[in-house]
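What follows is a single structure, written as structure tokens, with notes after it.
Below, chains carry the letters A, B, ... as their sequence lines are ordered, and counting in each starts from 1. In what follows, every heavy atom counts, from backbone to side chain, and hydrogens, waters and symmetry copies are set aside.
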Amino acid sequence: MTDHELMWRIAGGSGDGIASTSQNFAKALMRAGLHVFTHRHYPSRIRGGHTYTEVRADTEPVRSRGDGFNCLLALGDSFARNPKEGAYYGDEEVKPLSENLDELNEGGVIVYDTGLLDADDIPDFEERAEENDWHVYPINLREIAREHGREVMRNTAGVGATAALLGIDLAYFEELMAESMPEDILEPNKEILHYTHDMVKEEFEFTHDLRVPEGSHDEEQVLLSGSDTIAYGAIDEGCRFIAGYPMTPWTEVFTIMSQALPQLGGISEQVEDEIAAAALALGASHAGVKSMSGSSGGGFALMSEPLGLAEMSETPVVLVEAMRAGPSMGLPTKPEQADLEHVLYTSQGDSNRVVLAPGTVAEAYEQSRLAFQLAYGYNIPAILLYDQKIGGELMNVPASHFDREPNPDLGAVTTEEELEDAPHGPGGKFHRYRYDAEDGVSPRAIPGQKGGHFLVTGNEHNPAGHIDEDPTNRVTQVERRASKLDAIREFLDDKSTQTYMGPDEAQYGLITFGSQQGTVAEAVDRLNDAGHSVKGIGVSDMMPYPVEEMTEFLESVDEALVVEMNSSGQFRGLTQKELGRFGDKLSSLLKYNGEPFEPAEIVTGFEASIEGQDVPDQQTTYVPAAGD
Amino acid sequence: MSAFSAIGEDREIDREEFTPTLEPQATWCPGCGDFGVLKALKQAMPEIGRNPDEVLLVTGIGCSGKLNSYFECYGYHSIHGRSLPIARAAKLANPELEVIAAGGDGDGYGIGGNHFMHTARENHDMTYIVFDNEIFGLTKGQTSPTSPKGHKSKTQPHGSAKDPIRPLSLALTSGASYVARTAAVNPNQAKEILVEAMQHDGFAHIDFLTQCPTWNKDARQYVPYIDVNESDDYDFDPTNKDEAAAMATEAEQSLYEGEVLTGRFYVDSDRLSYSEEKQAIGEMPEEPLAERYFDEDYEWERAHDMFLDRHK
């Protein structure tokens with residue numbers, strides 16, 4: 001963290017264009033040479049309600065949301081203005097201003113739209129502003145937008161105002177507007193942008209210190225979300241079939257793929273339910289196409305049955321699971337990491353599946369590719385487990401990160417030439433599920449290949465695929481399927497998919513998985529700067545678990561704090577189960593209020609944990625080590 | 001050599017090619033109607049000229065699901081009620097395959113009812129055979145979605161209070177472009193209907209009446225039957241949807257009154273299949289997707305080249 005970083009928050013109502021405005025704002029700052037990171041907060045509502053997006057920007061790489069924020073653009077919730085007295089939206093008028101004040105840092109800047117918001121409605125607003133040294137700029141953005149274009153363009157007026165206050169070159173915004181807007185709305189938007197910018201510069205005396213720093217990138221950057229990188233990873237890995245049913249937040253990946261695949265000659269299917277979605281992915285995969293499906297917690301629950309079929313029949317498929325807070329419908333638009341156990345163990349029988357959990361937007365690209373390589377290389381289902389946070393947050397990543405060769409390799413399949421020499425049983429039937437497979441992987445034939453027909457079944461089966469309840473066959477097949485996970489573990493060990501943070505040697509460890517990785521990485525740096533001796537590890541492999549790497553890590557530290565977004569410490573539990581020890585070394589820092597960790601919360605939690613104290617923060621929970 | 005040289009192979013097909021060389025574990029009871037489906041299906045295959053390597057038979061769970069153990073081809077014995085979504089995706093992935101889905105009345109009209117409705121409305125080019133014996137067989141005789149009202153079983157000891165599902169009407173209103181009913185007790189008519197259904201370009205639904213001598217004691221429950229296309233007593237045009245619907249309704253009502261009316265009830269040869277619709281709007285390639293993975297000359301597009309610019 002540097003002193004001059006910007007943490008800009010735009011607040012308004014759902015449907016007021018908060019997401020698109022903040023996306024353009026972040027992109028403008030990226031083009032201006034800064035590193036950016038966004039954090040989205042929105043309610044499960046189509047229009048109205050309090051929503052905001054934060055854009056954190058710095059000259060150094062940004063890995064996480066910040067601690068609070070320092071610049072607020074409060075646009076107001078246009079849908080809160082219900083003319084009927086006492087109607088549902090009636091009491092939410094000042095929320096975009098009032099709701100955000102608690103997290104606004106000292107010395108912060110406030111711009112608010114006096115056309116929609118009245119600071120007099122907020123008790124003690126002036127006192128609080130004075131107390132916290134906030135610099136307040138009330139501007140009638142709504143009126144400006146009305147006069148120079150249309151009322152909906154007050155977002156642009158707001159951007160013009162903050163650009164003036166922070167010293168951002170308007171050319172970046174103009175360029176972005178020209179790229180995304182049709183001519184008839186582009187002109188009034190440009191006028192509003194310039195008018196507000198100039199007006200603010202002329203009419204206000206700037207009392208604040210906050211300015212956007214000068215930055216530059218050594219190579220071309222792109223601004224992407226985790227949903228983007230998962231989709232692009234799948235496409236580069238040769239996935240050309242997706243089936244799904246909409247459910248937040250998985251819908252983002254589904255939407256991106258549905259728009260991309262027809263352009264690539266691929267197929268996307270929106271179907272009747274999630275059982276069908278996963279079953280379709282299996283059907284397409286069986287017929288020889290790289291396929292994926294996915295959902296969020298509740299929809300993934302329905303996929304439990306086809307997932308088990310994929311395991312038993314060894315049909316490769318990639319499923320993505322975008323976690324949101326649960327149980328049941330939970331908090332539909334808020335992140336949590338509480339579906340880990342659900343994804344690891346759902347469906348009947350012993351689990352033969354791969355579960356990968358990317359730690360950053362950039363890593364989600366590699367892990368998406370890796371999920372396909374493992375699924376198709378080993379004829380096993382692979383699940384990519386992420387959450388609403390990674391799915392929706394935007395980060396700049398070097399464009400070269402994605403410049404990889406496509407890999408359409410179908411993995412463990414036979415060709416017709418190979419089928420001629422492949423083992424066949426009596427009567428010439430292809431032995432799809434042969435006992436003596438290398439690494440447990442018996443290559444499959446694809447329907448239409450000559451001499452390859454075999455039977456797939458969810459029942460236990462013999463090498464030819466026939467249903468078979470013979471005890472010896474059962475044991476052989478169970479062990480062969482399980483042995484694939486050992487082979488995958490060896491393959492992954494060579495790739496070292498875990499992310500290490502901080503110094504090689506340290507007294508304490510921070511452990512995390514999935515979307516909290518960037519925040520933990522920042523906390524590790526801050527703790528070391530503050531004189532602690534801390535290293536961190538972001539674990540990506542949930543199944544098979546990186547036993548060797550984690551044993552080494554835990555042996556090297558005195559104590560470790562596991563940071564995760566759930567209330568029961570599921571990842572800590574998995575770690576103890578897989579390693580069978582270290583129960584006395586592992587404590588937990590948990591957060592499950594619907595918001596991801598801020599770096600300072602981890603710093604505070606760590607300091608409290610080594611001092612054996614309760615965490616003073618009201619929104620996180622510390623659970624001490626309890627032994628094995 | 002093509003990756004799928006079995007497809008469209010020009011040679012005489014012998015129906016015995018569809019008989020497994022290994023006897024399956026005995027799962028069908030003596031006198032089971034499922035043997036009639038098996039026989040008719042084997043007879044139909046040489047007529048449509050398809051060999052075991054180009055046929056994908058996807059089944060659900062239950063006695064009907066065991067069809068795969070008796071019928072040699074690329075088989076997918078899947079899970080209860082889910083044969084249709086698996087089958088239709090396989091057909092999208094490789095439209096040159098002959099795709100057949102099969103299941104029982106519990107499998108197809110109960111647990112898989114949602115998929116039935118949606119597969120019919122999408123009009124996938126495939127054949128769907130429902131073994132309809134009005135009973136759950138493999139789980140030992142519970143009331144099924146097509147069991148008559150008042151049907152008593154261990155799980156419905158007071159007799160079912162529910163009206164049965166009307167599969168023909170359901171298929172028709174859902175959008176199936178070929179709707180027929182046949183019976184295991186007449187393999188000749190069954191074979192003819194199967195041939196037509198497989199040659200039909202669209203979703204062909206066959207409600208296949210199969211007697212269950214073990215749990216529905218009357219093994220001859222579907223005899224005598226009447227072929228409505230042959231009988232002089234019935235005059236309707238199966239290409240006219242209204243007339244087809246009226247005939248289907250009558251046939252479904254009659255079944256519970258002891259009169260078994262079979263035949264093809266509805267045929268719409270003009271409607272585009274789902275693949276054709278998708279190709280027409282640019283959502284599906286002309287060449288089978290599956291072929292691409294075996295084509296060494298195919299140039300695979302990268303997300304980097306196509307989509308990254310919009311993020312710069």
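Using a 4.5 Å cut-off between heavy atoms, B:L56 contacts chain A through its side chain alone, with no backbone atom that close. Contacts of A:R404 with chain B are made by backbone atoms alone, with heavy-atom separations under 4.5 Å and no side-chain atom involved. Contacts between A:S268 and chain B at a heavy-atom distance below 4.5 Å involve the backbone alone (N, CA, C, O). With a 4.5 Å cut-off on non-hydrogen atoms, B:K66 touches chain A through its side chain but not through its backbone. Residue A:D409 does not touch chain B at all, counting heavy-atom pairs closer than 4.5 Å. For A:F241, the part sitting under 4.5 Å from any heavy atom of chain B is the side chain, from C-beta outward, and nothing else. Neither the backbone nor the side chain of B:M117 comes within less than 4.5 Å of any heavy atom in chain A. Contacts between B:R292 and chain A at a heavy-atom distance below 4.5 Å involve the side chain alone, from C-beta outward. At a 4.5 Å heavy-atom cutoff, the contact between B:L289 and chain A is made by backbone and side-chain atoms alike. Only the side chain of B:E122 comes within contact range of chain A, with heavy atoms under 4.5 Å apart. Only the backbone of A:Q221 has a heavy atom closer than 4.5 Å to any heavy atom of chain B. The part of A:T414 that comes within reach of chain B is its backbone (N, CA, C, O), which places non-hydrogen atoms under 4.5 angstrom from that chain. Heavy-atom distances place the side chain of A:M30, and not its backbone, under 4.5 Å from chain B. The parts of A:Q263 that come within reach of chain B are both its backbone and its side chain, each placing non-hydrogen atoms under 4.5 angstrom from that chain.
Counting heavy atoms from C-beta on, the side chains of A:P447 and B:N94 never come closer than 4.5 Å. Looking only at side-chain heavy atoms (C-beta outward), B:H77 and A:L455 come within less than 4.5 Å of each other. At a threshold of 4.5 Å between non-hydrogen side-chain atoms, the residues A:I446 and B:F294 count as touching. Looking only at side-chain heavy atoms (C-beta outward), B:P285 and A:I267 come within less than 4.5 Å of each other. Residues B:R310 and A:D228 fail the side-chain proximity criterion, which asks for heavy atoms closer than 4.5 Å. The shortest distance between side-chain heavy atoms of B:S78 and A:L309 falls below 4.5 Å.
Contact detail for A:G238 and B:W300: the closest heavy-atom pair is O-CZ3, 4.0 Å. Of all non-hydrogen atoms in B:Y293 and A:P408, the two that sit nearest each other are CD2-O, 3.3 Å. Taking each heavy atom of B:A89 and A:A284 in turn, the nearest pair found is CB-N, 3.6 Å. Across all non-hydrogen atoms, the minimal contact from B:F307 to A:A260 is CZ-CB, 3.4 Å. Nearest heavy atoms, A:V222 versus B:L308: CG1-O, 3.8 Å.
Separating the CG atom in A:L282 from the CD1 atom in B:I79 is a distance of 7.5 Å, to the nearest 0.5 Å. Between the CG atom in A:L280 and the NE2 atom in B:H115 there is a gap of 9.5 Å [rounded to 0.5 Å]. If you take OG on B:S69 and CD1 on A:I467, they are separated by 4.5 Å, rounding to the nearest 0.5 Å.
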* Evaluate the salt bridge (charged side-chain N to carboxylate O under 4.0 Å, His left out) criterion for residues A:K429 and B:E72: first the C-alpha distance (whole Å), next the side-chain angles of each, then the deciding distance (0.1 Å), finally the verdict. => CA-CA 9 Å; A:K429 189 155 181 163; B:E72 192 71 55; 2.9 Å; yes

* CA sep, side-chain torsions, deciding dist, call: A:T315, B:Y76, side-chain hydrogen bond (donor to acceptor under 3.5 Å, both in side chains) -> CA-CA 11 Å; A:T315 308; B:Y76 206 122; 3.1 Å; yes

* Run the numbers on A:Q449 and B:D53 for side chain to side chain contact (heavy atoms under 4.5 Å, CB included), then give the verdict. => CA-CA 6 Å; A:Q449 284 183 332; B:D53 281 334; over 6 Å; no

* Worked check of side chain to side chain contact (heavy atoms under 4.5 Å, CB included) between A:I235 and B:R302 -> CA-CA 7 Å; A:I235 287 166; B:R302 293 185 302 176; over 6 Å; no

* **Worked check of salt bridge (charged side-chain N to carboxylate O under 4.0 Å, His left out) between A:E269 and B:K278** => CA-CA 10 Å; A:E269 279 288 290; B:K278 268 183 95 81; 2.7 Å; yes

* Decide side chain to side chain contact (heavy atoms under 4.5 Å, CB included) for A:H286 and B:I86; before the verdict, give the C-alpha distance in whole Å, the side-chain angles of both, and the deciding distance to 0.1 Å. => CA-CA 9 Å; A:H286 180 65; B:I86 292 173; 5.9 Å; no

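In terms of heavy-atom pairs under 4.5 Å with chain A, the best-connected choice from B:G282, B:G65, B:C73, B:P20 is B:C73. Your options are A:A278, A:G452, A:G458, and the one with the most heavy-atom pairs under 4.5 Å with chain B is A:G452. For the set B:E54, B:M306, B:R88, the entry with the most heavy-atom pairs within less than 4.5 Å of chain A is B:R88. The greatest number of non-hydrogen atom pairs below 4.5 Å with chain B, out of A:A281, A:G266, A:G451, is found for A:G451. Residue with the most contacts toward chain B among A:H466, A:K290, A:R31: A:K290 (heavy-atom pairs, distance under 4.5 Å). Counting heavy-atom pairs under 4.5 Å between each of A:E220, A:Q23, A:M312, A:H461 and chain B puts A:E220 at the top. Considering only heavy-atom pairs separated by less than 4.5 Å from chain B, the leading option among A:P262, A:A287, A:G448 is A:G448. Ranking A:L224, A:D403, A:D236 against chain B, the residue ahead of the rest is A:D403, based on heavy-atom pairs under 4.5 Å.
A side-chain donor-acceptor contact under 3.5 Å links A:E416 and B:S5.
Partner of A:R240 under the salt bridge (charged side-chain N to carboxylate O under 4.0 Å, His left out) criterion, chosen from B:E291, B:E301, B:E287: B:E301.
Few gaps surround CZ on B:F71; more than 12 heavy atoms of other groups in view lie less than 6.0 Å from it. The environment of CD in B:E12 is sparse: at most 12 heavy-atom neighbours from other residues, nucleotides or ligands sit within 6.0 Å. Shown here is B:E299, whose CD atom has no more than 12 heavy atoms of other residues, nucleotides or ligands within 6.0 Å.
Checked for salt-bridge contact, A:E179 and B:K312 miss the test: no charged N lies under 4.0 Å from a carboxylate O.
Using a 30° and 60° split on the angle between ring planes, B:H311 and A:Y232 fall in the perpendicular class, above 60°.
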